Amino acid sequence: MELLCDMYYTDNALFLLSFVKSDIHLFDVDGLNRWDVLYTIEKLKEINPVAKLVVLIPRQTELDLLPLMSTEIDSMIEKNRTLHVWISQFIRDMLNRNHYLNPKGMTGKFISDFFDLKMRNLDIFAERLSNAGLNLIKREIEIAYLMGVGLKNREIATNLRLSEGTVKAYVSRIYKKLGCHKRGAAADMMNRIYLNDKP
């Protein structure tokens, strides 16, 4: 394993990388704004689509991780004081696997961002149900939301830490309030409401 090049983020860096054929790109996003990061990721993948792209994220970052995860990066790891100790092992692991996510700081922030996004979606869904004249209680809203994204009763029960029988009882009440008798019709109606179409 050898380091082919080390360069700072400049306009010329992407041009120079087009001459370097490497198996892995480590991209340190520290100090860059979101748009520069997203643009650079796109260009790196154009230059060398087969190379693994690993993003190094500072421990305290303002960067929103969800848009970053939706790009074509293969992995991301958190920069910390011990990174230099285990980076070569990480690169070997990365070449043998398709992805790697640093299990400490990164996953916590990602899960937190994901949970915040889920809660915003649930709040929007609850508001739109109310606007459509459907008065569901909080637990019914949660179950209706999960039905709308395609979860089955058992999966909903696991997610909400309820018994499957309790979920079935809530689903029956939701059907009654929606005026539906089948799950597919109820899910369609909830998705139309969520997308702000008429039920």
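Remember, predicted model here, so these are calculated numbers, not experimental data.
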- prompt: Nearest 0.5 Å, what's the OG1-CH2 distance between Thr40 and Trp35?
  reply: 13.0 Å

query: Which distance, rounded to the nearest 0.5 Å, do you find between the OH of Tyr145 and the CG of Asn159?
result: 11.0 Å

message: One pair to check against side-chain contact (heavy atoms from CB on, under 4.5 Å): Leu56 and Asp30. What are the steps and the verdict?
response: CA-CA 8 Å; Leu56 301 172; Asp30 197 2; over 6 Å; no

- request: May I ask you to test the Thr166-Arg139 pair for a side-chain heavy-atom distance under 4.5 Å?
  value: no

field: Contact check, side chains of Asp188 and Lys182, non-hydrogen atoms, under 4.5 Å
entry: no

- line: Smallest heavy-atom separation, Met190 atom then Gly148 atom, equals CE-N, 4.4 Å

Identified side-chain contact (heavy atoms from CB on, under 4.5 Å) counterpart of Ile141 within the set Asp123, Asn135, Leu136: Leu136

- request: Locate the shortest heavy-atom distance separating Leu32 from Asp28; write the atom from each residue and the value.
  value: CD1-O, 4.1 Å

field: Residue pair Ile156 / Thr158, side-chain heavy-atom distance below 4.5 Å
entry: no

field: Contact check, side chains of Leu146 and Glu155, non-hydrogen atoms, under 4.5 Å
entry: no

message: Can you give me the closest heavy-atom contact between Arg183 and Leu151, atom names plus distance?
response: NH2-O, 3.0 Å

Hydrophobic cluster identity match, Ile174 and Leu122, side-chain contacts under 4.5 Å: yes

- request: Please tell me if the side chains of Leu134 and Leu178 come closer than 4.5 Å, counting only heavy atoms from C-beta onward.
  value: yes

task: Would you sort out whether Met147 and Val167 count as a side-chain contact (heavy atoms from CB on, under 4.5 Å), showing the intermediate values?
output: CA-CA 11 Å; Met147 285 172 60; Val167 171; over 6 Å; no

- prompt: Which pairs with one or both residues in residues 167-179 pass side chain to side chain donor-acceptor pair (under 3.5 Å), sequence neighbours excluded?
  reply: Glu140-Lys177

- prompt: Just wondering, do Glu42 and Leu38 contact through their side chains at under 4.5 Å, heavy atoms?
  reply: no

